[in-house]
Amino acid sequence: MQKTRIYHLFLCAVILASAGLCLGWADTWDDIKAASGKVTAIRAEFVQEKHMKILVRPLVSQGMFYFKAPRSLRWEYRSPIQSILLTHGGKTRRFIRKDGKVSEDAGAQLPAVQMVLHEITQWLKGRFDENPMFSSHLEPGPKVVLRPKEKKFAGMIQRIELILADRPGMIRSVTIFEGEDSFTRLRFKKVVLNPPLPDDLFGKI
Amino acid sequence: MKQNLFLLCILCLTTACSGLPKVYPDRNLSWPVRRPQCANLFPEGRWQFSHAIEAEMPGGRKGMLIGVTLISSTDKTIQSIIMTIEGMVLFEARYDRRLVVNRGIPPFDAENFARGLIQDIQLIFFAPPGTLIESGVLDNGAAVCRFQNPDKGYVDIIQHGPGGWEIRQYDRRYHKRRSIKAILNKGGINPGRFNVPGRLTLTSHDTPGYVLKMDLIEAVPLKDNK
C-alpha cells in the first residue's frame with residue numbers, strides 16, 4: 001500500500017512535469033490557473049536522467065509524451081526500454097515492446113496510475129497548491145517546489161522541483177529528489193501545445 | 001507392503017530425475033580442465049551493469065524494471081539497485097560480507113528478497129567459490145565444468161559454443177535451484193576481456209519460482225578496474 005502511494009506520488013510528479021502543464025509566467029497561483037485553462041493538448045519529447053552517487057554516469061531514457069484533455073495520455077519510452085502507458089476512456093494499460101512483440105505489463109502500479117490521472121485534471125487547472133499530499137511553493141526561476149507533507153513520504157521523495165519555461169504552458173524540466181545524491185531529472189524539448197491529437201493515439205499501440 | 005514398494009519407486013524416480021547430468025570425458029584435449037579457464041566467462045575487476053529486467057512471477061504476472069549492479073570480482077562486493085522505468089528506486093542494497101539494505105519499498109523490503117537477489121547476482125557475475133571437481137562434456141556435447149561449493153551444492157558451467165553459456169545450480173541433493181542462460185550476441189558487447197551477454201535469463205526452479213529476463217543496457221568498466 002505504501003509502495004503504491006509512493007509510486008503514485010512519484011508518477012504524479014513525472015506526469016505533471018511531462019504534461020507541461022500551465023505553470024508560471026506569473027507570480028501567483030491564480031495567474032498559473034488562468035494560464036492553465038488554455039492548454040487542451042500537449043506533445044513533447046523527453047529525456048530522463050537518473051542520477052545516483054554510485055552510478056558512474058546517469059541512466060538515460062528517452063521517449064514521447066502526449067496528453068489530451070480531459071484525461072487521455074500516452075507516455076511512451078522508446079529507449080532503452082520500449083514501454084507505452086495508455087490512458088483513455090477511463091482505462092489505463094501499460095505495454096512493453098520486446099523482441100518485436102507487445103505484451104501487457106500487469107504491474108501493480110497501474111491502479112496508482114489511474115489515481116494519478118484523476119489528479120491530473122486538477123493540475124490541468126493549475127491547482128498545484130491544492131494537492132493535500134504536498135506543500136507547494138512558487139519560487140523565483142520560476143520554479144515550483146513540492147514537498148511531501150508526511151514524514152514517511154519524505155523519506156522516499158524528498159522534494160520535486162519544476163522549472164518553468166519562458167513560454168506559458170511549458171515546463172523546462174522536473175527533478176524528483178529521492179535524496180540529496182539520488183534524483184531523476186526529466187527535460188522536455190520540442191514541446192507543442194494544443195496540437196491536433198487523434199483519439200487512436202491513446203487507445204492503440 | 002505394496003505401499004512401501006510404491007514409495008520406494010517414487011523415491012527412485014525422484015532421485016533419477018533430480019540427479020546431476022552425467023559428465024563424459026572429453027577426448028578433445030583443447031577443452032580446458034583448469035579452473036581459470038572454466039571461469040573465464042565471469043567479469044574481472046569492477047563493473048557497472050545496467051539491465052532491463054522483465055520479471056515473470058507466479059501466476060503469469062509480468063513486470064518491467066531496471067536493474068543496476070556494481071560488482072567487484074576482487075573483493076566480491078555487490079551494490080544493487082532496482083528501479084521502475086520512470087526512475088524511482090525501489091530497492092538499494094550493498095553486500096560486503098554482510099548485506100545492508102539502504103532502501104526497500106514494499107514488496108522489495110522483504111529480507112528474503114534481498115538475500116535471494118544477492119545470491120542470484122553472485123551466481124550470475126562471480127565464479128563459483130568452490131572446487132572444480134569435474135570437467136568434460138554433457139550428453140549433447142556441450143562442454144561443462146562442475147564445481148562443488150562450500151555449501152555442498154553444485155554449479156555446472158556449460159558452454160554452448162561461441163553464442164552462449166549456461167549456469168546450473170543444484171543443491172546438495174541434486175535438485176536444480178537456478179539456471180542462467182546467456183546469449184552473447186544479442187546486444188552484448190565485448191570490452192576486450194570477456195564477452196558481456198546481451199541477454200541473461202535466470203530461472204528459479206524453487207516453488208514458487210520466477211524468471212528474470214535481463215537485457216543489457218550498458219556495461220561500464222569502473223575506473224580502478226584491475
Side-chain angles (χ1 to χ4, degrees), chain A residues 1-15 18 46 48-61 63 75-77 79-85 94-99 103-110 112-113 155-157 175-176 178-179 182-186, chain B residues 46-57 59-71 77-94 102-110 183 186-187 198-199 213-225:
Chain A
M1 183 61 191
Q2 188 183 357
K3 177 200 166 192
T4 303
R5 292 187 72 188
I6 292 295
Y7 190 73
H8 159 217
L9 288 173
F10 190 80
L11 285 176
C12 283
V14 171
I15 292 173
S18 309
F46 69 86
Q48 175 184 300
E49 293 176 0
K50 179 67 188 180
H51 295 257
M52 294 184 79
K53 190 177 179 182
I54 68 168
L55 296 180
V56 290
R57 57 184 181 220
L59 277 176
V60 179
S61 304
W75 188 7
E76 183 171 348
Y77 284 84
S79 72
I81 295 174
Q82 293 184 302
S83 158
I84 304 170
L85 179 82
R94 186 197 292 277
F95 296 90
I96 302 293
R97 185 178 283 135
K98 190 177 175 183
D99 299 335
S103 60
E104 188 159 1
D105 184 341
Q109 300 94 332
L110 283 178
V113 174
M156 304 293 174
I157 297 177
T175 307
I176 301 154
E178 292 170 282
S182 174
F183 60 89
T184 305
R185 176 164 294 143
L186 287 137
Chain B
R46 296 182 65 238
W47 287 83
Q48 176 184 302
F49 298 102
S50 303
H51 288 93
I53 303 173
E54 183 186 69
E56 291 180 22
M57 307 310 285
R61 288 175 298 129
K62 285 185 180 179
M64 186 64 83
L65 297 162
I66 292 176
V68 179
T69 311
L70 285 81
I71 61 118
T77 56
I78 294 169
Q79 286 176 278
S80 171
I81 301 164
I82 294 177
M83 65 182 82
T84 65
I85 296 171
E86 293 81 16
M88 181 183 183
V89 175
L90 302 171
F91 175 84
E92 183 186 353
R94 177 178 174 81
N102 297 318
R103 185 184 180 95
I105 295 177
F108 297 91
D109 60 339
I183 301 175
K186 196 173 181 62
R199 174 168 294 175
K213 293 180 180 172
M214 303 166 60
D215 286 335
L216 184 69
I217 296 172
E218 64 176 7
V220 185
L222 301 184
K223 237 178 186 177
D224 50 346
N225 197 345

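Labels below follow one simple rule: chain letters A, B, ... track the order of the sequence lines, proteins then strands, and each chain is numbered from 1. When reading the values below, keep in mind they use all heavy atoms of this one structure, side chains included, and skip hydrogens, waters and symmetry mates.
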Legend entry - Heavy-atom closest pair, residues A:Pro80 and B:Ile217: CG-CD1, 3.7 Å

Inset, instruction - Of all the heavy-atom pairs spanning B:Gln48 and A:Val56, show the shortest one and how long it is. - result: OE1-N, 2.9 Å

Inset, instruction - Flag the pair A:Ile54 / B:Arg94 as yes when at least one side-chain heavy-atom distance between them is below 4.5 Å, and no otherwise. - result: no

Legend entry - Residues A:Glu178, B:Arg103: salt bridge by 4.0 Å N-O rule: yes

Inset, instruction - Quick one: pull up CZ in A:Arg57 and OG in B:Ser50 and give me the separation to the nearest 0.5 Å. - result: 8.5 Å

Legend entry - Stepwise side chain to side chain contact (heavy atoms under 4.5 Å, CB included) test for A:Met52 and B:Val68: CA-CA 11 Å; A:Met52 294 184 79; B:Val68 179; over 6 Å; no

Inset, instruction - Give, as side chain, backbone, both or neither, the part of B:Met83 having an atom under 4.5 angstrom from any heavy atom of chain A. - result: side chain

Inset, instruction - Below 4.5 Å from any heavy atom of chain B, which atoms of A:Ser103 appear? Answer side chain, backbone, both or neither. - result: side chain

Legend entry - B:Glu86 and A:Arg94 ion-paired at < 4.0 Å: yes

Inset, instruction - Look up atom CD1 in B:Ile85 and atom CD in A:Gln82, then write down how far apart they are to the nearest 0.5 Å. - result: 11.0 Å

Inset, instruction - Find out whether A:Leu59 and B:Glu218 are in side-chain contact, i.e. whether some heavy atom of one side chain is under 4.5 Å from a heavy atom of the other. - result: yes

Legend entry - Basic-acidic side-chain contact under 4.0 Å: A:Asp99, B:Arg199: yes

Legend entry - Nearest heavy atoms of B:Val89 and A:Ser182, plus distance in Å: CG2-OG, 4.4 Å

Inset, instruction - Mind listing the closest non-hydrogen atom pair of B:Met64 and A:Asp105 along with its distance? - result: N-OD2, 3.3 Å

Legend entry - Contacting moiety of A:Ile81, where chain B heavy atoms sit under 4.5 Å: side chain

